[in-house]
Amino acid sequence: MSEAAATPPASLDFIREMIAADLAAGRNGGQVVTRFPPEPNGYLHIGHAKSICLNFGLAQEHAPNSRCHLRFDDTNPTKEEVEYVDSIMADVKWLGFDWGEHLFYASDYFEKLYGFAEQLITKGLAYVDDQTHEEMRANRGTLTSPGTRSAGADRSVEENLDLFRRMRKGEFKEGEKVLRARIDMASPNMNLRDPALYRILHAHHHRTGDAWCIYPMYDYAHPLSDALESITHSLCTLEFEHHRPLYEWLISNVDGLPGAPYQREFARLNLTYTVMSKRKLLRLVKEDLVNGWDDPRMPTISGMRRRGITAAAIRSFCKTIGLTKFNSLTEIALLEHSIREDLNKISHRAYGVLRPIKVVITNYPEDQVEHFEAPNHPEDPAAGTRQVPLCRELYIESDDFMEFPSDGFHRLKPGGEVRLKFAFCIICQEIIKDDAGNIVELRCTYDDATRHGKKPEGRTKPKGIIHWVSARHAVDATVRLYDRLFTVETPDADAGEDGDFAKFLNPTSCETITNAKLEPSLKDAAPGTHWQFERVAYFYADPIDSKPSAPVFNRTVTLKDGWVKK
RNA sequence: UGCCUCAUGGUGUAAUGGUAACACAGCAGAUUCUGAAUCUGUUAUUCAAGGUUCGAAUCCUUGUGAGGCAACCA
């Protein structure tokens, strides 16, 4: 059993309702067989996660006699690579799902699919066309006018069979011939105007090598592959809605299929401040606009993983967004909520100062060091505690000091008092500036009577509580602050038809801080672990760039900040 | 000047002819050794017009808006 929860949403979406009806009617022997069918031409993204959670989730919800297949839709060798196959399998597993024995490739069916094509030719339902690409397009008609059938469509079955066999043998060049279904050149649905079933591609396939030079089209291979695997419910996104009649045409016109699946469509995920098409993501990678598919700013599964987003958070997000046919735009805040919710539970706390200012506690002995005990998780005593060292000089966050405080600011200010979390309170007595007028140091005094949260009689408790790192013990670290990749909610739409979405790239989407001051316990943070730097954000020890005793941290998501400057 | 699909607070979803609800976001308060979390309260919703009905977010008609469709891509 995989770790992903098998509980369905509280109320049934239209797909689950349909499946429940099928089950109630006793169809498919009470089985639900789904499939996740990516083309290995890129890395998976959060939109795929929606489909993965749906398809694998359905199988889990109807366990034990249901299943979900992972099938690579590898029918176009010119775009597909094993690197993508490998990454897709890794991503699906990481998300917490398991296809078990049910790993398939459309290319495994090439021989069977070829046989079905001969069957269609024999029935007079498919023919070889030798029009050029341009002629085919011209003769297909337009959205408002019918097309005209190619003259070659009237060839005999024997001639078509012969031609198709010669296509397979490699007697023709690419583009010279194509196998087409004979349906309806006047259909208002363009997909039914004698769609192409096979094209000639003298290309090397990552699995079948040079065994084939004709390759089935998606519209042909997909329904038949589904049927061959006895898929019951073939779920895909809305843009395939118009392909459904063709899907059904193939299922009902091909004899000898073990299953009779049906296709239903749901809306794909759109998220604010990002792009979600493989083509655009590929461009970001190819043009070095990001640092690869797993750049933590990418909406790819691998990018999100590297940023520190958990599989549980992604699954929970997918549950929250639901499933409809409405073309929606989901706010990134919804994702961030799921991320924070999970990270809050699992992350140990630590102190990290991103933009340090030095504080000298003038009445603290020069060579004294003491340790304060701090819980690793405020809501989970089982997480234990750690000792945090403190000495006369320390660093605090520059945001936690204001020389001219605005209303409502209750951190450190001249003459003001704050609590150093888990230690004692300090009062700022003096500001030291350099010749240019920059603050370089704060001289403070501490009050011994305020240790461990104590408040002397008659004194008001300071509202401000800040984190700190002992200067002598601080670990210098590289911390990357990631922000949204784009400056606008809908880079796609805003760029327009042939506009360039790249112009909306956020120039400050990755800020690298090399001199963050971290508490010493963070020095040995294991790569791939999640942390909350208290009062700052959630961070992830980068699994690739971290070196022993020199972790590199990626900011996954900030903490919510309820304080608005006035 | 076609065909298909869709339309519920700012956002995502629920209500399946019978009290329009939940989550996120926002706002206010409580609490807090994280201005986090937690808790409480709160703002705000059925695209429009007709029709059917005792009763319509839901059914019908028309309109409006959005998305999709004319690869030998998937």
Side-chain angles (χ1 to χ4, degrees), chain A residues 9-13 17 37-39 41 73-76 78-80 129 131-133 136-138 140-147 174-180 187-191 193 195-201 214-215 217-219 221-222 236-245 265 267 269 272 278-279 320-338 340-341 344-345 349 351 374-375 378-379 408-411 419-423 425 450 452-455 461-467 532-538 558-564:
Chain A
S11 59
L12 297 189
D13 53 69
E17 233 166 51
E39 182 189 15
N41 67 343
D73 227 324
D74 54 352
T75 56
N76 185 355
T78 64
K79 288 187 176 175
E80 298 153 7
D129 195 354
Q131 292 183 104
T132 64
H133 202 317
M136 267 185 71
R137 192 190 318 126
R140 184 155 20 232
T142 68
L143 293 175
T144 52
S145 63
E174 286 187 14
E176 232 177 273
K177 299 260 183 293
V178 66
L179 182 74
R180 289 231 253 172
S187 172
N189 182 343
M190 301 299 290
N191 294 114
R193 319 251 264 226
L197 265 25
Y198 268 90
R199 79 286 218 187
I200 297 168
L201 246 30
I214 55 171
Y215 290 91
M217 302 289 292
Y218 163 86
D219 278 326
H222 203 87
C236 60
T237 44
L238 246 26
E239 65 270 27
F240 293 104
E241 224 166 4
H242 320 268
H243 297 241
R244 192 151 110 195
E265 312 81 15
L269 170 67
T272 55
K278 274 195 202 167
R279 208 187 83 245
T320 332
I321 57 175
L323 197 72
T324 65
K325 300 185 77 161
F326 177 61
N327 210 294
S328 59
L329 176 65
T330 300
E331 286 179 351
I332 195 78
L334 221 57
L335 208 212
E336 290 176 346
H337 170 75
S338 294
R340 290 192 185 101
E341 193 174 44
N344 178 46
K345 278 187 299 198
R349 313 291 135 121
Y351 292 156
E379 289 154 20
F409 181 81
H410 48 246
R411 279 107 95 155
R419 169 167 296 284
L420 298 180
K421 195 169 184 197
F422 298 123
C425 296
T450 59
H452 305 298
K454 285 207 276 289
K455 174 179 73 87
K461 187 157 104 170
K463 276 188 182 162
I465 299 163
I466 64 174
H467 60 285
Q532 186 200 100
F533 293 2
E534 288 207 41
R535 304 207 313 125
V536 180
Y538 291 101
T558 59
L559 252 27
K560 274 180 69 175
D561 189 358
W563 184 61
V564 280

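Chain letters run A, B, ... following the sequence lines, proteins first and then strands; every chain starts at 1.
- Atom CD1 of A/Ile332 and atom C1' of B/A25 are 13 Å apart (whole Å).
- Remark: the separation of the P atoms in B/C24 and B/U31 is 23 Å, to the nearest Å.
- Summarising the geometry, the separation between NZ on A/Lys345 and C1' on B/U38 is reported as 14 Å, rounded to the nearest angstrom.
- Between A/Thr330 and B/U11 there is no side-chain N or O to OP1 or OP2 distance below 4.0 Å.
- Note on A/Leu329: only backbone sugar-phosphate atoms sit closer than 4.0 angstrom, heavy atoms only; bases stay farther off.
- Within the model, atoms CD1 of A/Ile466 and NE2 of A/His410 stand 11.5 Å from one another, a figure rounded to the nearest 0.5 Å.
- Across all strands shown, A/Phe533 has no heavy atoms under 4.0 Å from either base or sugar-phosphate atoms.
- Regarding the sugar-base torsion, B/A71 falls in the syn class, its angle being within 90° of 0.
- An aromatic stacking contact links A/His410 with the base of B/G35, defined here by ring centres under 5.5 Å apart and ring planes under 30° from parallel.
- Note on A/Thr324: only backbone sugar-phosphate atoms sit closer than 4.0 angstrom, heavy atoms only; bases stay farther off.
- Spacing between atom CG of A/Leu269 and atom P of B/U11 amounts to 16 Å, rounded to whole angstrom units.
- Residue A/Lys421 is classed as a base contact, given a heavy-atom separation below 4.0 Å to a base.
- Taking the side chain of A/Asp561 as heavy atoms from C-beta on, and the options B/U34, B/G35, B/C24, the nearest nucleotide is B/G35.
- The distance from atom CG of A/Leu334 to atom CD1 of A/Ile321, rounded to the nearest 0.5 Å, is 8.0 Å.
- Using a 4.0 Å heavy-atom criterion, one finds that A/Glu336 contacts no nucleic acid atom at all.
- The side chain of A/Thr144 lies closest to B/U1 when the candidates are B/A36, B/U1, B/A14.
- Of the possible donor and acceptor atoms, one in the side chain of A/Arg340 sits under 3.5 Å from a partner among the backbone N and O of A/Thr558.
- The CE atom of A/Met136 sits 6.0 Å away from atom CG of A/Asp129, with the distance rounded to the nearest 0.5 Å.
- Closest contact between the side chain of A/Lys560 and the listed nucleotides B/C24, B/C33, B/A36 involves B/A36.
- The distance from atom CZ of A/Arg411 to atom C1' of B/C33 is 15 Å, rounded to the nearest whole Å.
- With B/C24, B/A14, B/C33 as the choices, the nucleotide that has an atom nearest any side-chain atom of A/Glu331 turns out to be B/C24.
- A side-chain contact (heavy atoms from CB on, under 4.5 Å) with A/Glu265 holds for exactly one of A/His242, A/Glu241, A/His243; it is A/Glu241.
- Between the base of B/G35 and the side chain of A/Arg535 there is no donor-acceptor pair shorter than 3.5 Å.
- Separating the CZ atom in A/Arg193 from the CZ atom in A/Arg180 is a distance of 11.0 Å, to the nearest 0.5 Å.
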Along nucleotides 66-74 of chain B, 5' to 3', which nucleotides get a B, which get an S, and which get a -, given that the test is a protein heavy-atom distance under 4.0 Å? -SBBBSBSB

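- Put simply, the side chain of A/Glu379 and the base of B/U38 share no donor and acceptor less than 3.5 Å apart.
- Place A/Phe409 and A/Ile321 on RNA chain B by their nearest nucleotides, and A/Ile321 ends up nearer the 5' end.
- For A/Pro378 and A/Arg340, each mapped to the nucleotide of RNA chain B holding its nearest heavy atom, the one lying further toward the 5' end belongs to A/Arg340.
- On the P atoms, B/A14 is 29 Å away from B/C3, given to the nearest whole Å.
- Heavy atoms of A/Phe326 sit under 4.0 angstrom from primed sugar atoms or phosphate atoms, though from no base atom.
- Between A/Lys278 and A/Glu39 there is no salt bridge, since no side-chain N of the basic residue sits under 4.0 Å from a carboxylate O of the acidic one.
- Spacing between B/U13 and B/U46 at atom C1', rounded to whole Å, works out to 14 Å.
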